[in-house]
Amino acid sequence: MKKTNREKKEWQKRKQLKIINKQIKATNKSSGKKVITGALIISPYMLCIYDDHYYEDAINFFKKISRKILKEKKKITIDFSRLESVTAAAILCLYAEIHRCIQLSEIDHPIRYIKPRHAEPRRVLNELKFFAGINNPSYDVIHEGTIGVIPCTSGTKADNKLDDLMNSIENNIYGGEINEEGDNTLYRSLSEAMLNVWQHAYKSSRIKKDEIDRLGKRWWILGHRIEDNLYLAIYDRGIGIPEALPFKYTKEVIDKFLDFLKLKNRSDANMIHAAMEIGRTGTGKQGRGKGLQDVRRFVEENPSGVLRIYSNRGGYVYRMEGDKIEHHSRKHSLRGTLIQWNVKLTNNSSEIKNDG
Amino acid sequence: MTVKTINIADEFSKVPYGRYPDDGENNGERFRNEFLVPSLNEFEKIIVELDGTRGYGSSFLDEAFGGLIRKNIINKENLLSKLEIVSKFESYKLEIESYISEAKPEPLK
């Protein structure tokens, strides 16, 4: 099969990288310098989970990190030097993976980093307090961000964090000028996303008890403003929406919604889509909220709003413009759920410069 | 007519959140049991002012208001006649009414 230009480019980069790695190893060996601690894990040059192609590279990268630290019990050095481009969602997943590995590892300080050589990813990672956050033992602290940034942070129960987070979003993203209606819908979406993590994400014996004991029913969050767009993402390492749905609803209810949506199988993407609709139309089941529907509310009030939900092997992208839904099916699981809201900020707040 | 006004932001929390006590301190069940139920028992009319908080998720609203019907505290007709929701956002009033209308009393144990 003929290679596409992108595949050719990537193949060339991989080849170059192998040569560079050999050179690094040879230099270290000859000079006796201990630059690299433990196993060397090299980041992809593009850290992104939106695009199907880059997604697999990112997942393999995350898996290598946890395998080395948690299974092989080795120290590692993560080499970000070739990193050229990053996206908020992928940074959040990586942050969570590293945080989890550090917390669960039996080794002290299992990870060292080589920072990106390229200015843009270095700036973004620094702004999001990626390295500072990971190196800080109190992960639950909401780091003070600069204008346009909600730094990587994590927590378990939402109620003691929500107000601080909302203040942080209001000040850093909206310059203190979020309107009350926007504030209400953001709160609704964010708080119900956190509640879903608390109530449903870790509800299975598949998640080891020891992991929940040590990490709690944890979510990770970050926000980034790029020009007039807000990207706000929350991630958990739970069982994922496709696996959680049968805990909430019977097979008959789920099948009814899949049929109604003309979705032919129980692929992860279809299950996420069904979960969104079950929330929207109700099921007659008592005491069930409209949690995922609430999650969508924040983008529904924005003409160019986009909601992305990636859970296990599925992806669901909802675009307000044209009321469009996209599905993504992936080979490897994200091992959890990522929800990202992307909204265009209003005129008031767009006057703030993203110069922090 | 005896009237009780409850301002959620001032008297309960600015960050109402969750359905059950396990979800967090400022949950819908606690608001229902500590504020709505005593007021419904004591007063002929209750006015609930929603504005001033960060907002509300559906879980909180459903448990607080729909829960009154599910838990057999009061019947729908009485509740809708005694309850007045005050908010600058009309959507909250409609939403709460829908939770009350959709709720079904749970069988008594």
Side-chain angles (χ1 to χ4, degrees), chain A residues 155-170 174 178-203 216-217 219 248 278-298 300-301, chain B residues 8-9 12-32 49-72 76 87-108:
Chain A
T156 52
K157 277 207 165 182
D159 59 342
N160 57 355
K161 273 283 184 78
L162 262 168
D163 207 24
D164 288 347
L165 260 173
M166 289 295 295
N167 282 334
S168 194
I169 293 169
E170 186 175 344
Y174 288 86
I178 187 169
N179 64 46
E180 204 177 335
E181 196 174 357
D183 195 41
N184 267 243
T185 22
L186 172 60
Y187 181 82
R188 172 176 282 246
S189 291
L190 188 58
S191 65
E192 286 293 318
M194 287 176 175
L195 191 63
N196 269 328
V197 175
W198 177 256
Q199 289 183 337
H200 308 296
Y202 293 92
K203 208 177 189 174
K217 295 174 181 177
W219 42 260
K248 289 173 79 178
I278 290 176
R280 195 215 288 261
T281 47
T283 57
K285 200 157 184 178
Q286 295 286 291
R288 292 277 185 260
K290 303 193 178 210
L292 280 177
Q293 192 51 38
D294 275 357
V295 163
R296 200 159 93 170
R297 283 283 276 274
F298 185 47
E300 281 177 333
E301 296 190 3
Chain B
I8 296 186
F12 180 68
S13 171
K14 284 193 167 52
V15 276
Y17 168 81
R19 186 180 284 277
Y20 306 120
D22 188 44
D23 298 335
E25 193 190 343
N26 305 315
N27 61 85
E29 185 181 313
R30 184 170 83 82
F31 178 69
R32 184 184 75 219
E49 295 175 345
L50 299 181
D51 297 342
T53 67
R54 278 290 186 185
Y56 299 89
S58 61
S59 301
F60 178 90
L61 295 176
D62 181 48
E63 194 56 39
F65 296 96
L68 291 166
I69 305 301
R70 284 195 293 276
K71 300 293 174 193
N72 295 283
K76 285 181 196 178
S87 171
K88 63 177 80 161
F89 303 113
E90 188 66 20
S91 60
Y92 279 139
K93 295 183 209 172
L94 299 173
E95 188 179 346
I96 289 169
E97 279 169 19
S98 79
Y99 294 140
I100 294 170
S101 304
E102 286 166 16
K104 289 177 185 146
E106 289 171 357
L108 293 169

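Every chain is numbered from 1, with letters handed out A, B, ... down the list of sequences.
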Does any backbone or side-chain atom of [X] lie under 4.5 Å from a heavy atom of chain A? Answer side chain, backbone, both or neither.
X       : value
B/Asp22 : both
B/Glu95 : side chain
B/Ser13 : neither

Do [Y] and [X] meet the salt-bridge criterion of a basic N to acidic O distance under 4.0 Å?
X        : Y        : answer
A/Asp183 : B/Arg54  : yes
B/Arg19  : A/Glu192 : no
B/Lys88  : A/Glu181 : no

For [X] against [Y], the heavy-atom pair lying closest together:
X        : Y        : answer
A/Met194 : B/Tyr17  : C-OH, 3.7 Å
A/Trp198 : B/Asp23  : CD1-OD1, 3.3 Å
B/Val15  : A/Tyr187 : C-OH, 3.3 Å

*Which value, rounded to the nearest 0.5 Å, describes the distance between B/Ser59 atom OG and A/Arg188 atom CZ?*
9.0 Å
*How long is the gap from CD on A/Glu180 to CZ on B/Phe89, to the nearest 0.5 Å?*
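So the gap between those two atoms works out to 4.5 Å.
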*Is there a side-chain hydrogen bond (donor to acceptor under 3.5 Å, both in side chains) between B/Tyr56 and A/Asn184 once you walk through the steps?*
CA-CA 7 Å; B/Tyr56 299 89; A/Asn184 267 243; over 6 Å; no
_Between A/Gln293 and B/Ser58: side-chain donor-acceptor atoms closer than 3.5 Å_ =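 There is no such pair between these side chains.
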